[in-house]
Every structure is written in C-alpha cells, then in structure tokens.
Amino acid sequence: MPKDPDTTPTAGPRHVAIIMDGNGRWAQARGRPRLFGHHAGARRVREVVEACPRLGIKYLTIFAFSTENWKRTQVEVAGLMSLFRRYITKETKTLKENGIRVRFIGDRVRLDAKLTELMDTLEHETEQNDLVHLTVALNYGGRDEVARATKRLARDVAKGVLRPEDVDEETLPKYLDTRVLPDPDLVIRTSGEARISNFLLWQSAYSEYEFSDTLWPDFTAAELERLCRSYGARERRFGAVPA
Ligand code: FPP
C-alpha cells in the first residue's frame with residue numbers, strides 16, 4: 001500500500017520531476033546547432049529552481065542526461081558533458097548561498113573523472129542546505145537504476161544481511177539511487193512528447209503527469225506555476241475509491 005496518501009484537492013506538489021525535452025528542436029528552429037539549445041535550456045533550470053520555494057516545491061528532480069543519450073553524436077555528448085562541468089563550476093556558489101541541496105542520481109561509472117569530482121564537491125558543499133532539494137539525473141535510466149539496486153540487494157542476500165522472504169515493496173526503494181527522496185507527486189514533460197523515456201519508473205507509479213507543448217528553453221516559472229495549480233485541482237486516489 002502507498003504510504004500516507006494525500007488526497008487534499010488543493011495541495012500543490014511537494015516533489016516535481018521534469019523531463020526537459022525540446023532543446024534540439026528549439027535550436028534547429030533558429031538555424032543553430034543543438035548545443036545552442038542545451039545552453040538555453042540550462043539557463044531555464046535556474047529560473048525553475050528559483051521559483052520552487054514560492055510554489056511550495058521542496059523537491060525538484062530534473063532529467064539532464066539519460067543512459068540512452070550516449071547514442072547521440074560524439075559532438076553533442078561531449079558538448080553536454082562540457083556544459084555540465086561548466087554549469088556546476090559556475091553555479092556552486094549560488095546554489096550553496098541560496099539554500100539548495102544538490103544530489104545526483106544515475107550511474108557515475110561512465111562519466112569522466114573531472115565531472116564526477118565536481119558532482120561530489122557540489123553535493124558536499126550543499127549538504128547542509130534544506131530549502132529545496134534539487135536532484136539531477138545524469139547518466140540515469142530507470143531500468144538501469146532498478147538493475148543496479150537489485151544487484152546491491154542480491155549482494156545483501158548473499159551476505160546473509162537480508163532474507164529473500166523479507167523482500168517486499170518497501171525493500172527495493174531502499175536500494176534505489178533515490179532512497180532518501182519521496183516519490184514524485186507530479187512529473188512534467190515538455191516539448192509535446194507523451195512518453196516517460198525510462199525516467200523514475202519505480203518512483204512514478206502513482207505520480208500525476210503533465211505534458212506541455214512548450215520546448216524546454218521556452219519553459220517559464222509562470223508555466224510551472226500553472227501546472228502546479230492544475231495538479232492541485234486533481235484528486236489523487238492511489239487506487240482507492242473516493243471517500
Ligand atoms: C532533451 O532535449 C534535453 C537533453 C537531452 C539535455 C537536457 C539538458 C539540459 C537542459 C542542459 C542543462 C542541464 C543542467 C542540469 C545544467 P533534446 O535534445 O532531446 O531535444 P529534441 O527532442 O528537440 O531533439
């Protein structure tokens with residue numbers, strides 16, 4: 001059974017997760033290379049993070065790079081990695097001073113050493129913060145996360161720390177990358193595509209979804225606010241019958 005179902009119709013989402021899609025098309029529409037769109041998209045991240053406290057969003061999780069994104073051209077992948085390094089270097093001080101706690105989820109094994117070092121530092125520098133918990137999914141895939149969690153769980157079984165008969169719905173989430181986070185209340189995908197693309201598969205079992213036609217570099221705090229209001233008007237049932 002899901003824990004603590006919140007069916008209050010007016011409550012805004014506490015945890016919002018966003019699939020930031022449409023950077024490439026935004027750039028192409030302007031006759032510019034795809035990376036131009038990713039840079040514009042990165043600037044939108046700041047506006048959205050800044051809007052969170054006002055909107056009552058305590059947890060924001062953003063999909064920055066998927067386990068499938070390695071299939072893009074070498075130029076685009078290298079450009080994105082360089083963008084992540086620059087973004088972290090540039091934003092660490094502001095994030096720290098503004099009460100944002102940053103975490104990364106995903107498999108770090110394939111990421112370069114310089115980037116993972118910057119990620120570790122940013123996590124460490126902001127670990128005392130509690131205003132907004134920003135989680136960046138980087139080399140993240142929901143299936144990959146469940147597979148890695150299962151491997152860790154199996155190791156505990158092999159070590160005798162865990163009995164197979166004790167494995168239930170509460171056990172697996174403790175091995176996921178998101179183990180310290182609540183499940184997302186609202187998942188937003190921009191750019192008019194209605195797919196979840198391997199994002200937070202386990203965690204979004206009871207999430208509400210909003211699909212926006214806006215390309216990510218055009219997404220604004222005002223649109224986020226509108227989507228949060230629309231969420232507040234919904235009744236979440238978690239499989240139950242309304243009271
Ligand atoms: C999807 O658009 C976007 C990505 C794969 C990258 C998301 C990255 C950012 C917004 C950059 C900044 C992030 C951080 C954390 C600094 P797409 O390229 O698939 O667009 P398309 O569908 O129009 O081709």
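The structure presented is a predicted model; accordingly, all values stated were derived computationally and were not measured. In each ligand, atom 1 is the first atom listed, and ligand 1 is the first ligand listed.
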query: Looking at atom 4 (C) of ligand 1, what's its closest protein heavy atom, distance included?
result: His38 CE1, 3.9 Å
message: Just to check, does Ala64 reach to within less than 4.0 Å of ligand 1 when the distance is taken from its heavy atoms?
response: yes
task: For the pair Asp183 (side chain) and Ala205 (backbone), establish whether a donor and an acceptor sit closer than 3.5 Å, ignoring hydrogens and angles.
output: no
Closest to atom 18 (O) of ligand 1 (judged by heavy-atom distance), picking from Glu68, Arg46, Arg43, Arg72: Arg72
- prompt: Quick one: does Trp216 get an N or O within less than 3.5 Å of an N or O on ligand 1?
  reply: no
- request: Any atoms of ligand 1 less than 4.0 Å from a non-hydrogen atom of Asp21? List them with their elements.
  value: 1 (C), 2 (O), 17 (P), 19 (O), 20 (O), 21 (P), 22 (O)
Per atom 21 (P) of ligand 1, closest listed option by heavy atom (Glu91, Met20, Gln28, Arg25): Arg25
- prompt: Is any N or O atom of Leu80, backbone or side chain, closer than 3.5 Å to an N or O atom of ligand 1?
  reply: no
statement: Between Ser197 and Arg189 the two heavy atoms that sit nearest each other are OG-NH1, 2.8 Å
query: Quick one: does Arg179's side chain have a donor or acceptor within less than 3.5 Å of a partner on Leu176's backbone?
result: yes
message: As an exercise, state the distance from CG of Leu83 to CD of Glu76, rounded to the nearest 0.5 Å.
response: 11.0 Å
- prompt: Can you list the steps and then say if Asp156 with Tyr175 is a side chain to side chain donor-acceptor pair (under 3.5 Å)?
  reply: CA-CA 10 Å; Asp156 276 354; Tyr175 291 84; 2.7 Å; yes
query: Within 45° of the axis and under 6.0 Å from the centre of the six-membered ring of Trp70, does NZ or CZ of Arg72 qualify?
result: no
- request: Give yes if a backbone or side-chain nitrogen or oxygen of Phe84 is under 3.5 Å from a nitrogen or oxygen of ligand 1, and no if not.
  value: no
Those atoms of ligand 1 less than 4.0 Å from some heavy atom in Leu83: 11 (C)
Nearest non-hydrogen partners of Ala64 and Met20, listed with the distance: CA-CE, 4.0 Å
field: From Val157, Val161, Leu162, residue fulfilling side-chain contact (heavy atoms from CB on, under 4.5 Å) relative to Lys159
entry: Val161
task: Apply side chain to side chain donor-acceptor pair (under 3.5 Å) to the pair Asn23 and His38, showing each step before the final yes or no.
output: CA-CA 5 Å; Asn23 296 347; His38 294 315; 3.0 Å; yes
- prompt: Which bit of Arg34 gets closer than 4.0 Å to ligand 1, counting heavy atoms only: side chain, backbone, both or neither?
  reply: side chain
query: In terms of residue, atom name and distance, what is the protein heavy atom nearest to atom 5 (C) of ligand 1?
result: Asn69 OD1, 3.6 Å
query: When only distance counts, is Tyr87 in polar contact with ligand 1, meaning an N/O pair under 3.5 Å?
result: no
- prompt: Should the proximity of Leu215 to ligand 1, defined as any heavy atom under 4.0 Å, be assigned to the side chain, the backbone, both, or neither?
  reply: neither
field: The one among Ile62, Asn23, Ile88 that brings a heavy atom closest to atom 9 (C) of ligand 1
entry: Asn23
